[in-house]
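Remember, it's a predicted structure, so these values are computed and weren't measured experimentally. Lettering of chains follows the sequences in order, A, B, ..., and the numbering in each one begins at 1.
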2 protein chains.
Amino acid sequence: MPKLGMEPIRKAALVKATIVEIGRAGSLDVTVSQIAKRAGMSSALAHHYFGSKEEMFLAAMRHVLTLYGAEVRGALATAEGPEGRLHAVLRASFSPGNFRREAVGAWLNFWVLAQTVPEAKRLLAVYQRRLRSNLLAGLRPLAGNRAGAMADGLGALIDGVYLREVLKSGPPDSAAAVAVVLDYLNTELKGKGA
Amino acid sequence: MPKLGMEPIRKAALVKATIVEIGRAGSLDVTVSQIAKRAGMSSALAHHYFGSKEEMFLAAMRHVLTLYGAEVRGALATAEGPEGRLHAVLRASFSPGNFRREAVGAWLNFWVLAQTVPEAKRLLAVYQRRLRSNLLAGLRPLAGNRAGAMADGLGALIDGVYLREVLKSGPPDSAAAVAVVLDYLNTELKGKGA
DNA sequence: AAGTTTATTGACTCGTCAATCAACAAAAAA
DNA sequence: TTTTTTGTTGATTGACGAGTCAATAAACTT
């Protein structure tokens with residue numbers, strides 16, 4: 001059976017399975033066996049390719065962050081003008097995909113992981129810097145020297161709105177989430193001269 | 001040795017120890033034995049009083065929420081005028097106590113817990129409603145019919161700013177956190193008539 | 001053809017841990 | 001003073017889990 005070149009395939013399957021299992025459990029309390037089983041292989045093979053469970057978590061985190069990055073980039077590609085760019089970032093941040101069980105579980109647990117695992121904290125910092133830079137690109141033409149402060153506020157607001165949206169009972173309302181952030185944005189832009 | 005009336009004392013010690021251990025581990029991956037040891041008793045006694053680890057977690061969560069509620073109430077007691085009330089809520093939300101390792105660990109992990117444990121979600125919802133109501137009391141005189149939307153935005157912003165502040169490298173800067181939220185508040189209030 | 005690299009797993013090690021139980025001790029009630 | 005209630009723990013159970021290892025097999029190299 002052993003075909004060569006399985007490594008990337010197996011790794012990809014494990015990463016996906018890791019995210020799914022974290023979403024199912026709602027926590028990092030998932031076993032390597034569970035992950036491996038979902039990915040269709042033995043737990044020994046999972047250890048063979050990743051060495052440890054923590055490596056699997058970090059690979060999963062990188063993947064989630066990559067997906068999100070791709071979503072933002074995709075939205076930005078068709079965006080026109082500063083407002084369009086800002087809106088694109090919001091659309092990507094509150095896209096349906098980010099409200100799927102797996103994504104929610106991933107984000108919440110990666111925040112927890114970042115407390116104690118330096119590499120997790122680093123990855124999160126990279127994502128935040130990229131988000132900030134994207135926001136800044138849209139804000140500078142509109143808000144001038146206030147752009148920096150606004151980008152910080154917007155970034156935090158995005159995380160906060162996301163958090164509340166995923167933790168509330170009932171289905172998340174991404175339109176409402178975008179509206180809250182847009183309201184902030186518009187008010188800040190109007191009050192720019194003050 | 002057995003003095004009577006130990007139950008509340010033991011339970012309180014266990015709750016405190018649970019929070020400390022969650023802070024130390026940065027996750028809910030703490031054993032009943034660890035908690036019991038820190039609280040100065042056997043793990044069997046911990047089970048005797050709480051029945052299960054999950055009950056200990058929930059009791060710890062209630063305690064953290066109670067502390068936070070008390071802090072807000074204390075700050076509100078000396079606050080004057082709507083602006084003063086809003087400021088008091090911010091002060092309490094970003095007080096040094098909330099940036100202690102134990103508090104950070106508690107909040108992050110309670111968010112995770114809320115995904116899967118209904119009682120945890122309920123407790124979080126109670127806290128959010130109370131926060132909203134406190135914000136609303138300060139906002140209504142200043143923002144009239146926009147108070148509702150602003151309270152939602154402010155609540156989310158508080159959570160988001162807290163999250164970023166605790167996850168960034170280096171010591172948290174509560175003054176900066178308050179400033180970001182105040183900026184949002186002031187801009188929204190100025191733009192009220194628009 | 002012999003040797004090497006890659007793929008794969010069942011079985012195993014060594015450890016942990018939540019929860020239970022039997023037993024003991026002291027105070028309160030009867 | 002017997003009995004019941006409350007406090008307390010060491011020992012145990014029963015289960016699970018991360019990571020290792022030896023063994024098997026296919027493919028690629030020489």
Go through [options] for me and flag the one nearest to the [X] side chain.
{"X": "B:His47", "options": "D:dG7, D:dT9, C:dT20", "result": "C:dT20"}
{"X": "A:Ala44", "options": "D:dG7, C:dT9, D:dG17", "result": "C:dT9"}
{"X": "A:Leu4", "options": "C:dA18, D:dA18, C:dA7", "result": "C:dA7"}
{"X": "A:Met41", "options": "C:dA7, C:dC17, C:dT9", "result": "C:dT9"}

Considering every strand and a 4.0 Å limit on heavy-atom distances, what is the contact class for [X]: base, sugar-phosphate, or nothing?
{"X": "A:Ser52", "result": "sugar-phosphate"}
{"X": "B:Tyr49", "result": "sugar-phosphate"}
{"X": "B:Ser42", "result": "base"}

Side chain of B:Asn98, backbone of B:Ser93: donor and acceptor closer than 3.5 Å? yes
Indicate if B:Leu185 and A:Leu182 have the same hydrophobic cluster label, given that clusters are the connected sets of ILVMFWY residues with side-chain heavy-atom separations under 4.5 angstrom. yes
Just how far, in rounded Å, is [atom2] of [N] from [atom1] of [X]?
{"X": "A:Phe50", "N": "C:dA7", "atom1": "CZ", "atom2": "C1'", "answer": "16 Å"}
{"X": "B:Gln34", "N": "C:dC17", "atom1": "CD", "atom2": "C1'", "answer": "10 Å"}
{"X": "B:Lys37", "N": "C:dT16", "atom1": "NZ", "atom2": "P", "answer": "12 Å"}
{"X": "B:Met6", "N": "C:dA25", "atom1": "CE", "atom2": "C1'", "answer": "14 Å"}
{"X": "B:His48", "N": "D:dT5", "atom1": "NE2", "atom2": "C1'", "answer": "10 Å"}
{"X": "B:Asp29", "N": "C:dA18", "atom1": "CG", "atom2": "P", "answer": "9 Å"}
{"X": "B:Glu55", "N": "C:dA19", "atom1": "CD", "atom2": "P", "answer": "10 Å"}
{"X": "A:Ile35", "N": "D:dG19", "atom1": "CD1", "atom2": "C1'", "answer": "14 Å"}

Presence of B:Arg10 side-chain N/O under 4.0 Å of D:dT6 phosphate oxygens OP1/OP2: no
Taking atom CZ of B:Arg62 as the centre, does the number of heavy atoms from other residues, nucleotides or ligands within less than 6.0 Å exceed 12? yes
Are B:Glu55 and B:Lys11 close enough for a salt bridge, meaning some N to O gap below 4.0 Å? no
Whichever of B:Ser43 and A:Ser33 has its nearest DNA chain D nucleotide further upstream toward 5': B:Ser43
Mind checking whether A:Tyr162 and A:Trp111 have parallel, tilted or perpendicular rings, split at 30° and 60°? perpendicular
